[in-house]
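Just follow the structure's listing: the first ligand is 1, and inside any ligand the first atom is 1.
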Amino acid sequence: MGRERQEERSAKDRQLDEARWDPSEGYLTTDQGIRVADTDNSLTVGDRGPSLLEDFHLREKIMRFDHERIPERVVHARGSGAHGYFQVYESLARYTSAEFLRDPSVRTPVFVRFSTVQGSRGSADTPRDVRGFATKFYTSQGNFDLVGNNMPVFFIQDGIKFPDFVHALKPEAPNEMPTAASAHDTFWDFVSLQPETMHHVIWLMSDRAIPRSYRMMQGFGVHTFRLVNDDGRSTFVKFHWAPKLGTHSLVWDEAQKIAGKDPDFNRRDLWEAIDTGQYPEWELGLQIIPPEREFDFPDIDLLDATKIVPEELVPVTPIGRMVLDRNPENFFAETEQVAFCVGNVVPGIDFTDDPMLQARLFSYLDTQLTRLGGPNFAQLPINRPVAPVANHQQDGFHQQFVRQGVANYHPNSTGGGCPVVAGGANGGFVHFPERLDGEKVRRRAPSYADHYGQATLFWNSMSDWERRHIIAAYRFELGKVTRPEIQRRSVAQLNRVDHDLAVAVAVGIGVSPPDRPEVDNHGRRSDRLSQATAPHDTIATRKIAILVADGIDRECVTSLVDGLVARGAVAELLAPTGCEVRTGAGGLAVTRAVTTVASVLYDAVVLPDGTPAITAMRADGYLVHFVAEAYKHGKPIGALGAGRMLLEHARLPVPEATGSDAGMVLQSGSGAATETFVEAFAAAVAAHRHHDRPVDAVAA
Ligand code: HDE
């Protein structure tokens, strides 16, 4: 059976192969297959006369162009996708009858789409925002969609509030501003009036909202789901994706500048990593909660999407690995047309009564009708399951198949009774027979009442620098709010999360600070919430700028490149122009002119030895700014030999001679980079950012 299922991946590939259309050969034709003799000139009466209606090629070409756009997603409009596979480590048969979670030999094909939430399809990649992390598993039993985010909670507890929340978050109605930003009145008005948002808002104000890369962020299913095994036993689970490269962020000043320098920053990063064979990987983990423990967690209702279950209470069990190894061939056909649906589950995975999850079950199917123009979107190549499809659904806009036979109803005898229903024993989906009893009510459960405790938990769990960033983010966002009453109300809400936080934010935005705590901080923390506790052990795929100019020391540069590339980093030589630079030992090719990029697009910078080169760089404002800005953003900076002169010129605090301090790594003397230097510099890059510097881009 395992061998057969190895075929699933190639089955999906074959589907996509069949859909592949290559118009790059042969004659140009109309949509009707008629060869076109001239596509550059309309049919006119005489050289300068009016165009003729009978010009079918003109009419068709313009008509098709006029209708190229489809409605963008209501939320998560800006996204980037990739193909790959998922493989479970060992059978989870004791928890689930889902085949793809029971057979470790199976590589289940997946398509993942990452996204921002607020901005339109053409908006930049790096606003302060939640990131979507949606995965479609094409399993042998049908499609399973895990439509998650990079934060483990959501703003609201009941899906009926989603339209209100999204209206408040999106650009404001009169002027469609601001694009891709929550820093405006209606968002803060809503969240300050709806305290259940407090927990997610503090995540949004943290560095999680500005991931360095889609490849370096966690993913969460958010809701509690059920796994159901062959015996019908249900187990509650929460899904967690952990990136192999660690969880890393940008700093806010940098994120804003990237939005101008390279609005496609995260999209390009994902594309290039896959294109160069550095395939991103995540480990899928589960928090596994047996049904008898459902009510074991004080202040946490498992059905409340604004709450986490801290990993100290329920650890994450790793269950499998996902690798993304193929870029889409056509953005529109794949990334834009992919239709995720929370309701796509396979036997062995089931829902809970979380009212957010329940509302989503309706919304994701419904929204595609408008976005993809009718009910046949599951037939699109990117959405088609690898499992066979057979039913009595028919017709509708854009039907792709020519249905055979007369039996389009059930029961039938005209088609021999087919297709037949499966029943549980034959793999039919049987809903978990949850026992329910209750009155119809419109009422929020009392077990959902604590709106602040986990926001406080998050705040308590942060390192000093993470707290500084959070304060700066609140100050930035609320500083942009124009109505003082919204600012004051927001500070009052924060005073229920943590008094010091509220005071720091109030002072920053010019609101009178609260004089005493509204509630006492409970003092609890969960260390896994801090990015400072995440592993920092690799420099794989980090982009390192090596600044060069005429007169740079060739041996120094090549030893650096070799040492960094050997550790998996991407080293680029940036020079004042795109021409090769002169060295004592011949010309040296450069990657690109520094003026086409900026320090914000790199993880670290190195200044190799070479007195003539460094002397010239000191007179180049672009290069001096490059280094100073990298310093301000906490990035590792390496300097060898004469390289330190540029740091001194930029008035940066430089460690004495050889050594390293707060991510500044120096090697004195001339010649090749030593192993000791490369090792120390790599360690500084692996640490990601150095927020312990006297000059901080986000001092709050
Ligand atoms: Fe979504 N959400 N959502 N959402 N969501 C959509 O579906 C919705 C929620 C998430 O890359 C829409 O196909 C409601 C939570 C992602 O294509 C829409 C509610 C989480 C994506 C929709 C939520 C998400 C969407 C827009 C409250 C994290 C992008 C286009 C009940 C667990 C999927 C579409 C992609 C997209 C509705 C809340 C994640 C309108 C009603 C919670 C990653 O159907």
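In this structure, K238 is not positioned above the aromatic face of F225 in the sense of NZ or CZ being under 6.0 Å from the six-membered ring centre and within 45° of the axis. Judged by the 6.0 Å distance and 45° axis criteria, R128 is positioned over the aromatic ring of W252.
The proximity of V222 to ligand 1, defined as any non-hydrogen pair under 4.0 Å, is limited to the side chain. Under 4.0 Å from ligand 1, heavy atoms of M356 appear from its side chain as well as its backbone. Heavy atoms of T367 found under 4.0 angstrom from ligand 1 belong exclusively to the side chain.
Distances below 4.0 Å separate heavy atoms of G159 from the following atoms of ligand 1: 31 (C). With ligand atoms numbered from 1 in the order given, ligand 1 contributes 31 (C) to contacts under 4.0 Å with heavy atoms of A359.
At the top of the distance list for atom 25 (C) of ligand 1, counting protein heavy atoms only, stands H76 CD2, 3.2 Å. Of all protein heavy atoms, the one lying nearest to atom 11 (O) of ligand 1 is R113 NH1, 2.6 Å. Among all non-hydrogen protein atoms, the one lying nearest atom 32 (C) of ligand 1 is R360 NH1, 3.2 Å. N149 ND2, 3.2 Å is the protein heavy atom nearest to atom 28 (C) of ligand 1. Protein heavy atom at the shortest distance from atom 17 (O) of ligand 1 is R73 NE, 2.7 Å. Of the protein's heavy atoms, F162 CE2, 3.3 Å lies nearest to atom 8 (C) of ligand 1. In this structure, the protein non-hydrogen atom closest to atom 18 (C) of ligand 1 is S363 OG, 3.7 Å.
Residue contact annotation: Y364 places an N/O/S atom under 2.8 Å from atom 1 (Fe) of ligand 1.
Using a 4.0 angstrom heavy-atom cutoff, Q368 counts as in contact with ligand 1. Ligand 1 lies less than 4.0 angstrom from a heavy atom belonging to G148. Put simply, no part of G81 is less than 4.0 Å from ligand 1, judged by heavy atoms.
Between the side chains of T306 and D304, at least one donor-acceptor pair of N or O atoms lies under 3.5 Å. Side chains of S140 and E99: no donor on one and acceptor on the other come within 3.5 Å.
Remark: the backbone N or O of H451 is not paired with any side-chain donor or acceptor of E196 at under 3.5 angstrom. Remark: side-chain polar atoms of Q218 are not paired, donor with acceptor, to backbone N or O of M151 under 3.5 angstrom.
Nearest to atom 33 (C) of ligand 1 by heavy atom, out of F220, F239, F340, F111, is F340.
Comment: K244 engages E281 in a salt bridge, judged by a side-chain N to carboxylate O separation of less than 4.0 angstrom.
Of the listed residues (D269, N266, T541), just one forms a side chain to side chain donor-acceptor pair (under 3.5 Å) with S213, and that residue is D269.
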